[in-house]
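Since the model is a prediction, treat every value here as computed from it, not as a measurement.
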Amino acid sequence: MKFENVTVTKRANVYFDGKCVSHNIELADGTSKSVGVILPATLTFNTGAPEIMELLEGSCNVTLAGESEATAYKGGESFSVPGNSSFVIEVIEPVHYVCHFG
């Protein structure tokens with residue numbers, strides 16, 4: 001899979017002491033996404049806009065805000081997170097992802 005006609009922010013977004021690294025991209029139609037990798041760890045992310053996390057590779061357990069049990073995900077699957085919310089991700093194998101905003 002590849003995106004065509006995109007603008008890439010050269011400077012990486014580095015979170016959680018390097019456990020999550022991503023780059024922002026903007027498609028020709030103005031749509032924003034981020035593409036990155038999360039290394040094995042348990043991390044909490046907060047959202048502004050709604051997000052769809054598309055996993056390309058790897059495996060993790062995700063607990064959305066307000067839920068008591070985690071759901072397992074692996075490469076080829078995705079999960080949705082509401083805006084102004086959060087999720088806890090426990091990465092088992094490095095997760096390569098595309099985050100779709102909005």
Do the ring planes of Phe87 and Phe45 sit parallel (below 30°), tilted (30 to 60°) or perpendicular (above 60°)? parallel
Nearest heavy-atom pair of Thr47 and Pro82: which atoms, and what distance? OG1-O, 2.7 Å
Residue that, paired with Glu93, satisfies side-chain contact (heavy atoms from CB on, under 4.5 Å) out of Pro40, Cys60, Ser59: Ser59
Exercise: do Glu54 and His100 side chains pair donor with acceptor under 3.5 Å: yes
Are Tyr15 and Val91 in one and the same hydrophobic cluster, where Ile, Leu, Val, Met, Phe, Trp and Tyr link if side-chain heavy atoms are under 4.5 Å apart? yes
Is there a path of hydrophobic side-chain contacts, each under 4.5 Å between heavy atoms of I/L/V/M/F/W/Y residues, joining Leu39 to Val14? no
Restricting to non-hydrogen atoms, name the atom on Tyr97 and the atom on Met53 that form the minimum distance, rounded to 0.1 Å. CD1-CE, 3.6 Å
Does Ile25 reach the side chain of Phe3, with side-chain heavy atoms less than 4.5 Å apart? yes
Under 4.5 Å between any side-chain heavy atoms of Ile89 and Thr42, yes or no? no
May I ask you to test the Tyr73-Val95 pair for a side-chain heavy-atom distance under 4.5 Å? no
What closest approach, in Å, do Asn61 and Ala70 show between heavy atoms, and which atom pair accounts for it? CB-CB, 3.9 Å
With the side chain counted from C-beta on, respond yes when Leu55 and Lys74 share a heavy-atom pair under 4.5 Å apart, and no when they do not. no
Atom of Glu77, atom of Ala72 and distance for their closest heavy-atom approach: OE1-O, 4.0 Å
Identify whether Val35 and Val8 are in the same connected component of the hydrophobic contact network (ILVMFWY, side-chain heavy atoms under 4.5 Å). yes
All heavy atoms of Ser85 vs all of Ala65, minimum pair found to be OG-CB, 3.5 Å
So which atom in Ser32 and which in Phe101 form the shortest heavy-atom distance, rounded to 0.1 Å? O-CD1, 3.4 Å
Ile38 versus Leu43: any side-chain heavy-atom pair under 4.5 Å? yes
Is there side-chain contact between His23 and Asn13, with heavy atoms separated by less than 4.5 Å? no
Are Val62 and Phe16 connected in the hydrophobic side-chain network, where two residues link if heavy atoms are under 4.5 Å apart? yes
To the nearest 0.5 Å, how far apart are OG in Ser80 and CD1 in Ile52? 4.5 Å
Would you say the side chains of Ser34 and Asn24 form a donor-acceptor pair under 3.5 Å? no
